Each structure stands twice: as C-alpha cells, then as structure tokens.
Amino acid sequence: PAIGALIGRVDIPRLKLSAAVAEGDDDNTLGKAVGHLPDTPFPWERRGNVALAAHRDGLFRRLEKIRLNDDIRVVTARGEFHYRVTKTHIVDPDDVWVIAPTDTPTITLITCYPFSFVGNAPKRFIVKAALVGHVAGSVLTGSVVR
C-alpha cells in the first residue's frame, strides 16, 4: 500500500483503544493514525513481526495500562487477527532488535516513553504479542485516512 493508505484498525478491548492503522511511519501518517512500519510484514501474511507505532500523547496513550495476556485485534479487509500480549519492554530509540523478524507470527507496538515526559522522550515502550487466532474475510469499516 501507498504511504498513508488505510490498512486496518487496531483494537485493545480492555483499554477501550480503537484506532485506524495506515501504512507508514512518517509524521503525516502518525499524526492521523497508528502507523505500520513499512519494512515489516502485514498481519495477513501471518509470518514474522508486524510492527505498529503511534504517539504516546495520542493514539497509544492508553498503552500505559497494558497488561500481560491483554487481547490485541487487528481488523483488515483480509481478515481479523487476534494477538495476546506476552511481554513489554522499555528500550533505547536505537534498539531496533524489537522489530527484527520472528519465527512465529508476532505483533510489536511501539510508542515513546515515559508517558508523562514533555518533549522528545528518551526511551521507547514496546508491547510484544503473539498471534492466537485469525478470522478470514472480516469486514473492515471506518473512514479513510487522508
């Protein structure tokens, strides 16, 4: 998909978080949606490490309260993908190992840390989750990110 194109929606039901997911990690995309990092697989490929990023003072603010075993759902036109949180990390911004390919289908959520920091935060908060289910042919509803 082109940068900024809508590819789905991410939901974390316990946190009451629901946000559009668009292709790209540029400022324009992250200003409107959760961004899919272009060098990572898409959820429908059901392989490797899907990486999504958003601002901590915006769409990913509620990640501050994420817990192990929380459900994460990614809804796309190609299906609905269910993940379960397996761990969280706090890392330096240059710790790109968090988006390295994995042997099993995984999703990684990335946002700045600490959540209460004013300005450019010095760390990144990482949520890792494993794929636990897939429903083919889900209907994607919502508006297009422009």
Side-chain angles (χ1 to χ4, degrees), residues 1 4-25 27 29-93 95-145:
L6 181 68
I7 61 169
R9 185 182 75 232
V10 62
D11 298 318
I12 305 176
R14 192 183 68 75
L15 300 181
K16 296 180 175 53
L17 186 155
S18 184
V21 177
E23 181 63 12
D25 56 0
D27 288 339
T29 300
L30 294 180
K32 298 174 184 171
V34 172
H36 169 260
L37 276 61
D39 292 335
T40 68
F42 293 102
W44 54 83
E45 294 176 310
R46 296 196 305 180
R47 63 173 177 79
N49 186 6
V50 177
L52 304 179
H55 293 300
R56 73 174 188 293
D57 54 358
L59 296 172
F60 272 0
R61 173 54 120 186
R62 294 183 182 182
L63 286 187
E64 183 175 22
K65 305 226 187 268
I66 196 103
R67 294 184 199 150
L68 293 181
N69 296 315
D70 275 352
D71 290 321
I72 298 173
R73 296 184 191 133
V74 178
V75 181
T76 75
R78 297 183 187 199
E80 183 173 327
F81 305 88
H82 296 206
Y83 300 86
R84 187 152 299 126
V85 175
T86 56
K87 61 177 72 172
T88 62
H89 304 280
I90 297 166
V91 300
D92 290 324
D95 284 340
V96 295
W97 60 267
V98 299
I99 61 169
T102 55
D103 293 333
T104 58
T106 304
I107 193 167
T108 300
L109 307 182
I110 304 165
T111 197
C112 291
Y113 184 86
F115 287 93
S116 60
F117 198 84
V118 176
N120 293 330
K123 301 282 186 178
R124 300 295 176 263
F125 184 76
I126 307 297
V127 176
K128 291 280 194 180
L131 184 68
V132 294
H134 167 245
V135 179
S138 294
V139 176
L140 175 64
T141 59
S143 60
V144 176
V145 176

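All values derive from a computational prediction rather than experimental measurement.
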Side chains of [X] and [Y]: does their closest heavy-atom pair fall under 4.5 Å?
X   : Y    : result
L52 : I110 : no
F60 : L17  : yes
T88 : F125 : yes
R61 : F115 : yes
L63 : L109 : yes
P38 : D25  : yes

Take V50 and Y83 through the side-chain contact (heavy atoms from CB on, under 4.5 Å) test and state the conclusion after the steps.
CA-CA 11 Å; V50 177; Y83 300 86; 4.2 Å; yes
Where does the angle between the aromatic ring planes of W97 and H89 fall among parallel (under 30°), tilted (30 to 60°) and perpendicular (over 60°)?
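Correct class here is perpendicular.
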Could you check whether any side-chain N or O of [X] sits under 3.5 Å from a backbone N or O of [Y], counting only pairs where one atom can act as donor and the other as acceptor?
X    : Y    : answer
R56  : P114 : yes
T102 : G48  : yes
R9   : V75  : no
T108 : I99  : no
R124 : A121 : yes

When you look at F42 and H36, which way does the ring-ring contact (aromatic ring centres under 6.0 Å, His included) test go after all the steps?
CA-CA 8 Å; F42 293 102; H36 169 260; 4.5 Å; yes
Please report the shortest heavy-atom distance between [X] and [Y], naming the atom on each side.
X   : Y   : value
A20 : L6  : CB-CD1, 3.8 Å
T29 : G24 : CG2-O, 3.5 Å
A22 : A33 : CB-CB, 3.9 Å
P1  : E23 : O-CG, 3.6 Å
V34 : A54 : CG2-CB, 3.9 Å
L15 : K65 : CD2-O, 3.6 Å

Rounded to the nearest 0.5 Å, how far does [atom2] of [Y] lie from [atom1] of [X]?
X    : Y    : atom1 : atom2 : answer
L131 : I72  : CG    : CD1   : 11.5 Å
E80  : W44  : CD    : CH2   : 14.0 Å
H55  : D27  : NE2   : CG    : 6.0 Å
H134 : R78  : NE2   : CZ    : 10.5 Å
C112 : F117 : SG    : CZ    : 10.0 Å
T111 : I66  : OG1   : CD1   : 11.5 Å

N49-T106 side chain donor-acceptor pair, cut-off 3.5 Å
no
Do the side-chain N and O atoms of T86 and K128 include a donor-acceptor pair separated by under 3.5 angstrom?
no
In this structure, are over 12 heavy atoms from other groups packed under 6.0 Å from R46 atom CZ?
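Result for CZ/R46: open.
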Give a yes or no on this: more than 12 heavy atoms of other residues, nucleotides or ligands lie within 6.0 Å of atom CG of D92.
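Yes, the 6.0 Å shell around CG holds more than 12 heavy atoms from other groups.
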Inspect the contact between R84 and D71 and indicate whether a charged nitrogen and a carboxylate oxygen are less than 4.0 angstrom apart.
yes
Check the pair V127, D70 against side-chain contact (heavy atoms from CB on, under 4.5 Å), reporting the backbone distance first and the verdict last.
CA-CA 10 Å; V127 176; D70 275 352; over 6 Å; no
